[in-house]
Q: 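Got a structure here, written out as structure tokens. Questions coming.
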Amino acid sequence: MVNKSARREGPCPECGFNYVRGLKDNERYHSVVHDREVNGNRTSEPNGFLFLTHTSPMRLQRLAGAAAASARSETEYDSPAFNAIKKRNDEFNTIAGINVLNGRVCALAVTRIRNCDTIADLRTFEPDELGGWWPARITTVEAHQRRTIEMIWVLRNYRRRGIANQLVHALAEHCEIALADFAHMTPFREDALRFWTSLNYWDIPIV
Ligand SMILES: CC(C)(COP(=O)(O)OP(=O)(O)OC[C@H]1O[C@@H](n2cnc3c(N)ncnc32)[C@H](O)[C@@H]1OP(=O)(O)O)[C@@H](O)C(=O)NCCC(=O)NCCS
Ligand SMILES: [Zn+2]
């Protein structure tokens, strides 16, 4: 006997969610996920940047957490860059920035203080077989603590409009450091390599 449901199961080409066409509950759940993944998580926060830590209200942390989950499923990193969780003492001094546009969260950047002892030349990054990009030329420096960008992500439909650029500048201002002073978590994805290269600085601290 042919299982009709199984035949109609498959990922949505736009949001990637796997569901069974024709099953009401599946379709309903897909439409919720689809709207969030394609249009961004809904929020009543006004347009602009919001900067959060693990002491921020949970309703705001959850916005960053949802964006981090979307970023993780796209980048296939092991874990999301931000989880909504109350912490009185955050040893990494996490600061996440999100961008709200027309009632939707459309971008995320996450930073933490990390130990850094390497400078890499952005022009020498090369891909591995998994799509991660690593520097071929590095210099070792004395180990020090440095605020590090661990994730930068913009909702697909909002890319190439300068949103990541505005977000990282706003984040640097909020963190009171120069943009060039952030370290960066490696490996990069190709999008990130192209984005950072566009900012015209070459020797970047990496973690
Ligand atoms: C990387 C990313 C955050 C860039 O966001 P964005 O808002 O599109 O970036 P901007 O519009 O601010 O880009 C500024 C400039 O960077 C360069 N740039 C950005 N993305 C690029 C890409 N994919 N290819 C080539 N150049 C790119 C361009 O020079 C661009 O200026 P232009 O559009 O006038 O040519 C986005 O592509 C993304 O979320 N990718 C998926 C998640 C990811 O890989 N994150 C990094 C994990 S290491
Ligand atoms: Zn979908």
Side-chain angles (χ1 to χ4, degrees), residues 8-42 47-49 64 66-82 96-102 104-112 114 120 122-123 125-128 130-135 147-173 179-180 182-202 204-207:
R8 283 177 290 157
E9 185 172 352
C12 165
E14 270 186 274
C15 73
F17 185 75
N18 205 49
Y19 71 107
V20 181
R21 274 69 166 173
L23 278 190
K24 278 239 161 59
D25 283 356
N26 267 228
E27 293 209 340
R28 214 172 293 132
Y29 190 52
H30 165 247
S31 71
V32 172
V33 174
H34 187 95
D35 181 59
R36 188 184 63 221
E37 296 301 317
V38 173
N39 302 315
N41 212 11
R42 280 180 200 278
N47 283 357
F49 301 110
S70 299
R72 194 204 80 88
S73 55
E74 179 173 355
T75 55
E76 296 174 341
Y77 286 163
D78 295 343
S79 54
F82 188 91
I98 59 172
N99 190 9
V100 174
L101 213 52
N102 303 326
R104 302 283 185 153
V105 177
C106 68
L108 168 79
V110 181
T111 72
R112 293 190 173 82
R114 297 285 184 186
L122 257 185
R123 291 164 294 194
F125 276 62
E126 292 169 355
D128 64 20
L130 297 174
W133 289 67
W134 300 91
R147 186 159 286 284
T148 301
I149 297 190
E150 299 193 355
M151 174 55 73
I152 171 84
W153 170 86
V154 172
L155 197 65
R156 202 181 285 278
N157 289 345
Y158 289 74
R159 289 182 194 160
R160 303 304 291 269
R161 300 190 202 172
I163 288 178
N165 192 310
Q166 290 167 27
L167 177 58
V168 296
H169 280 91
L171 185 65
E173 196 177 323
L179 190 51
F182 280 119
H184 300 263
M185 194 67 104
T186 49
F188 278 180
R189 300 236 323 156
E190 186 171 3
D191 280 348
L193 178 64
R194 305 288 168 232
F195 169 66
W196 292 114
T197 301
S198 80
L199 297 176
N200 284 328
Y201 56 93
W202 309 117
I204 59 162
I206 59 163
V207 169

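Order of listing sets the numbers, starting from 1, for every ligand and every atom in it.
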Q: Is any side-chain heavy atom of Thr186 closer than 4.5 Å to one of Phe125?
A: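 Touching, per the 4.5 Å side-chain cut-off.
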Q: Who's closest to atom 47 (C) of ligand 1 heavy-atom-wise, of Tyr77, Phe188, Trp153?
A: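 Checking each option, the heavy atom nearest atom 47 (C) of ligand 1 is found in Tyr77.
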Q: Would you find more than 12 non-hydrogen atoms of other residues, nucleotides or ligands less than 6.0 Å from Tyr201 atom OH?
A: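 Count over threshold, so yes.
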Q: What is the minimum heavy-atom distance between Val168 and Ile149, and which atoms define it?
A: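 Residues Val168 and Ile149, closest heavy atoms: CG1-CD1, 4.4 Å.
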Q: Based purely on interatomic distance, does Val154 place a nitrogen or oxygen under 3.5 Å from a nitrogen or oxygen of ligand 1?
A: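 In this structure, Val154 places an N or O atom under 3.5 Å from an N or O of ligand 1.
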Q: For atom CZ of Arg161, is the number of surrounding heavy atoms from other residues, nucleotides or ligands below 6.0 Å larger than 12?
A: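 Counting neighbours around CZ of Arg161, more than 12 heavy atoms of other residues, nucleotides or ligands fall under 6.0 Å, so yes.
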Q: For the Zn ion (ligand 2), which N, O or S atom of His30 is at the shortest distance?
A: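 Nearest N/O/S atom: NE2.
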Q: State, to the nearest 10 degrees, the angle whose vertex is the Zn ion (ligand 2) and whose arms point to SG of Cys12 and ND1 of His34.
A: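 An angle of 110° at the metal.
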Q: Please report which non-hydrogen protein atom sits nearest to atom 23 (N) of ligand 1, along with the residue it belongs to and the distance in Å to one decimal place.
A: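 Heavy-atom neighbour on the protein nearest atom 23 (N) of ligand 1: Asp191 OD1, 3.0 Å.
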Q: What part of Thr75, side chain from CB on, backbone N/CA/C/O, both or neither, has a heavy atom under 4.0 Å from ligand 1?
A: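 The side chain, only.
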Q: Measure up the His184 and Trp196 rings against each other and bin them: parallel (under 30°), tilted (30 to 60°), perpendicular (over 60°).
A: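 If you compare the ring of His184 with that of Trp196, the planes turn out perpendicular.
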Q: Would you indicate whether the side-chain heavy atoms of Val20 and Glu9 approach each other to under 4.5 Å?
A: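 Contact flag for Glu9/Val20 side chains = yes.
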Q: Rounded at 0.5 Å granularity, tell me how far CH2 in Trp134 sits from CD in Glu126.
A: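 Atom-to-atom, Trp134:CH2 and Glu126:CD are 13.0 Å apart.
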Q: Please state which option from Arg194, Glu76, Glu74 has its nearest heavy atom closest to atom 24 (N) of ligand 1.
A: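 It is Arg194 whose heavy atom sits nearest to atom 24 (N) of ligand 1.
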Q: For atom 34 (O) of ligand 1, is some protein heavy-atom partner under 4.0 Å away?
A: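 There is no protein heavy atom less than 4.0 Å from atom 34 (O) of ligand 1.
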Q: Before you tell me yes or no, could you show the steps for Asp191 and Arg194 under salt bridge (Lys or Arg N to Asp or Glu O under 4.0 Å), namely the whole-Å CA-CA distance, both residues' side-chain angles and the distance that decides it to 0.1 Å?
A: CA-CA 5 Å; Asp191 280 348; Arg194 305 288 168 232; over 6 Å; no
Q: Which protein non-hydrogen atom lies closest to atom 3 (C) of ligand 1, naming both residue and atom, and how far is it?
A: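 Looking at atom 3 (C) of ligand 1, the protein heavy atom closest to it is Ile152 CG1, 3.6 Å.
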Q: Quick test of your reading of the structure: of Met151, Arg189, Arg159, Arg160, whose heavy atom lies closest to atom 28 (C) of ligand 1?
A: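 Comparing heavy atoms across Met151, Arg189, Arg159, Arg160, the nearest one to atom 28 (C) of ligand 1 lies in Arg160.
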Q: Looking only at protein heavy atoms, which one is nearest to atom 5 (O) of ligand 1, and what is the separation?
A: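 Here the nearest protein heavy atom works out to Ala164 CB, 3.2 Å.
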Q: Could you check whether Arg189 makes a cation-pi contact with Trp153, meaning its NZ or CZ is under 6.0 Å from the centre of the six-membered ring and within 45° of the ring axis?
A: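 No, Arg189 and Trp153 do not form such a contact.
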Q: In ligand 1, which numbered atoms sit nearer than 4.0 Å to a non-hydrogen atom of Asn165?
A: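 Listed by number with element, the hits are 12 (O).
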Q: List the closest protein heavy-atom neighbour of atom 13 (O) of ligand 1: residue, atom name, distance to the nearest 0.1 Å.
A: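 Going by distance alone, atom 13 (O) of ligand 1 is nearest to Phe195 CD1, 3.7 Å.
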Q: Which of the numbered atoms in ligand 1 are below 4.0 angstrom from a heavy atom of Arg161?
A: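 Heavy-atom distances to Arg161 below 4.0 Å select 11 (O).
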Q: Strictly by modelled atom types, are Asn165 and His169 linked by a side-chain donor-acceptor pair under 3.5 Å?
A: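 Side chains of Asn165 and His169: pair found under 3.5 Å.
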Q: Does ligand 1 have any atom that is closer than 4.0 Å to a heavy atom of Gly162?
A: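 Per 4.0 Å heavy-atom rule, Gly162 contacts ligand 1.
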Q: So which heavy atom in the protein is nearest atom 29 (O) of ligand 1, and how far is it from that ligand atom?
A: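 Of the protein heavy atoms, Ser198 CB, 3.4 Å lies nearest.
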